[in-house]
Amino acid sequence: MWKVKPPVVFSMEGRYRPILESLVPPDPMSKFHLRRGSPEEEFPDLGRNYTWMGKILTPAMYSRQFNRCTHSGVIFDDVIRPGLEEPGDWLGPVSVGCVAGDAQSYILFCDFFDRVIEAYHGHKVTSQTPESDFNYDNLKGGNDLDRTYAVRCEVSVVRGVEDFCFPTHCSRGERRQLLTLARRALQRLQEDELPGRLLLLEELNQEQHRELNLNAPSSSQLRTGVARDWPDARAVWVSKDGSLVIWVNMEDHLRLVSTRDDTNIAEAFKCICMNLQKLEEYYRGLRHPFIRKQQLGWVSSSPADVGTGLRIIVHLKLQHLPKHKRLQDVLKRLRIRMDKTESPALYCVSNAATFGPSEVRLTQLVVDGVKLLIAMETRLEGNRDIDDLVPTQK
């Protein structure tokens with residue numbers, strides 16, 4: 001099989017970041033005539049903010065970003081608004097607390113974004129391009145999870161499209177252009193041995209909403225602008241065999257999802273790899289490739305998804321392990337996370353980061369981690385110790 005190599009030629013802003021930053025006008029915000037005070041007067045109250053944005057942002061950093069503005073009009077207050085609207089809880093998982101309004105945001109506000117990305121993903125941002133590997137044949141296992149504990153799995157990936165703002169900032173016209181591009185690309189995918197149909201959200205009935213598990217926009221999505229003009233130009237493409245679902249113009253430009261009730265992660269990952277690479281080729285042919293930055297890899301609206309944009313989720317039935325005192329230490333060492341679901345004994349296990357390891361490596365981490373969690377649960381069911389199963393390396 002093949003191994004995807006990073007593009008040989010990167011965008012100008014990726015190669016000449018320092019030069020481009022020096023070309024930013026001293027005060028582009030003056031063009032908008034906004035009634036703002038000084039950076040000191042406008043600095044937000046972060047005393048009870050438990051996001052990475054709240055932990056990292058300082059008055060000095062805020063002052064440096066204060067007068068910067070991307071070509072599409074994204075200012076720094078737009079970037080940090082999600083963290084101010086949803087400050088988080090000191091007991092809950094730490095979110096990034098920020099979004100990028102467009103691809104240029106990652107360059108113009110790199111002083112801030114790079115630190116958030118490093119903190120959230122636990123991987124340092126360097127001048128080297130993150131490795132990308134879609135060779136699904138390199139994945140070991142993934143088709144042999146114990147069905148006594150593993151209920152279902154889901155593999156998803158998000159992508160942003162070049163030359164368009166991200167959903168938090170894009171206009172109605174941009175969103176509709178993105179839908180037109182998606183129609184053309186998905187028509188090619190449908191002709192290439194994967195029949196399916198594109199459904200506009202505004203035309204779905206209640207039964208279809210239930211089948212797709214589609215809920216109304218949350219208050220957070222409405223406040224941050226993701227659900228602006230809902231459901232205009234939002235759509236979902238569903239393959240005839242049900243192996244692939246593609247969401248258009250939701251929280252990201254594109255989100256591919258493969259869900260399997262037989263918990264075969266290997267097949268779900270293969271489905272995502274094959275069809276994502278086809279779509280990448282189609283979009284490149286339409287002269288709107290997926291957005292990739294030299295230092296960050298694939299980027300979309302959330303810093304939590306940079307690098308690969310890949311999420312591997314497995315739902316596990318666990319009774320004893322969630323109560324064990326060493327669980328959090330085990331999860332940290334395995335580089336995975338475990339969240340509660342609406343069902344008391346059902347837990348959602350997924351990769352903790354998307355930046356750093358390649359796609360194959362991230363999937364392997366989840367596969368190996370799930371198998372170890374199942375082995376620990378089996379030990380605890382027999383009232384046996386699990387200390388010898390705890391990984392030695394963090």
Side-chain angles (χ1 to χ4, degrees), residues 39-66 68 70 74-125 158 160 165-169 217-228 250-252 255 293 295-297 299-311 313 328 331-332 335-340 348 350-356:
E40 293 76 17
E41 294 171 327
E42 295 288 343
F43 186 74
D45 180 8
L46 303 175
R48 294 178 179 271
N49 196 292
Y50 301 100
T51 66
W52 281 116
M53 178 277 295
K55 294 182 178 183
I56 289 171
L57 186 61
T58 64
M61 183 183 292
Y62 182 78
S63 180
R64 289 196 298 271
Q65 323 296 324
F66 189 71
R68 296 180 180 179
T70 70
V74 178
I75 64 175
F76 191 63
D77 278 355
D78 296 328
V79 168
I80 64 175
R81 182 176 296 116
L84 300 178
E85 298 280 1
E86 300 284 345
D89 190 300
W90 71 278
L91 290 174
V94 182
S95 66
V96 289
C98 55
V99 293
D102 54 21
Q104 192 188 15
S105 299
Y106 285 108
I107 306 302
L108 198 60
F109 307 118
C110 63
D111 182 23
F112 168 76
F113 271 122
D114 285 1
R115 297 186 187 184
V116 171
I117 290 168
E118 289 176 348
Y120 182 84
H121 296 278
H123 187 85
K124 190 169 181 62
V125 176
V158 296
C165 294
F166 294 136
T168 54
H169 190 69
S218 66
S219 59
S220 175
Q221 290 174 324
L222 290 169
R223 286 196 300 267
T224 57
V226 171
R228 192 171 51 249
M250 302 296 276
E251 293 190 51
D252 290 283
R255 181 171 181 255
K293 298 298 180 186
Q295 293 89 346
L296 303 177
V299 298
S300 55
S301 59
S302 175
D305 295 322
V306 301
T308 62
L310 186 70
R311 293 286 171 188
I313 298 174
Q328 293 305 317
L331 294 175
K332 184 177 180 180
R335 299 188 67 182
I336 60 178
R337 57 182 293 174
M338 189 168 80
D339 300 306
K340 296 179 180 179
C348 177
S350 62
N351 50 307
T354 63
F355 179 65

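- Taking the side chain to side chain donor-acceptor pair (under 3.5 Å) definition, one finds that E251 meets it with Q221, sequence neighbours left out.
- In this structure, H121 NE2 and N351 CG are separated by 10.0 Å, a value rounded to the nearest 0.5 Å.
- Partners of S301 under the side chain to side chain donor-acceptor pair (under 3.5 Å) rule, at least two apart in sequence or in another chain, are D252.
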Could you go through residues 52-63 and list every donor-acceptor pair under 3.5 Å that involves a side-chain atom there, pairing it with any protein atom two or more places apart or in another chain?
{"from": "T58", "atom 1": "OG1", "to": "M61", "atom 2": "N", "distance (Å)": "3.2"}
{"from": "Y62", "atom 1": "OH", "to": "E42", "atom 2": "O", "distance (Å)": "3.4"}
{"from": "Y62", "atom 1": "OH", "to": "D77", "atom 2": "OD1", "distance (Å)": "3.0"}

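- At distances below 3.5 Å, at least one donor-acceptor pair connects side-chain atoms of T354 with backbone N or O atoms of V306.
- Partners of R228 under the side chain to side chain donor-acceptor pair (under 3.5 Å) rule, at least two apart in sequence or in another chain, do not exist in this structure.
- Sorted by first then second residue, the side chain to side chain donor-acceptor pair (under 3.5 Å) pairs that include residues 79-94, not counting sequence neighbours, are D78-R81, E85-R223, E86-R223.
- Annotation: side-chain contact (heavy atoms from CB on, under 4.5 Å) contacts of S350 (sequence neighbours excluded): I313, R337.
- Under the side chain to side chain donor-acceptor pair (under 3.5 Å) criterion, S105 pairs with D102, sequence neighbours left out.
- Under the side-chain contact (heavy atoms from CB on, under 4.5 Å) criterion, L331 pairs with L327, Q328, I336, M338, L373, sequence neighbours left out.
- Atom CZ of F43 is separated from atom CD of E41 by 14.0 Å, given to the nearest 0.5 angstrom.
- Applying the side-chain contact (heavy atoms from CB on, under 4.5 Å) criterion to A352, with sequence neighbours excluded, gives no partner residue.
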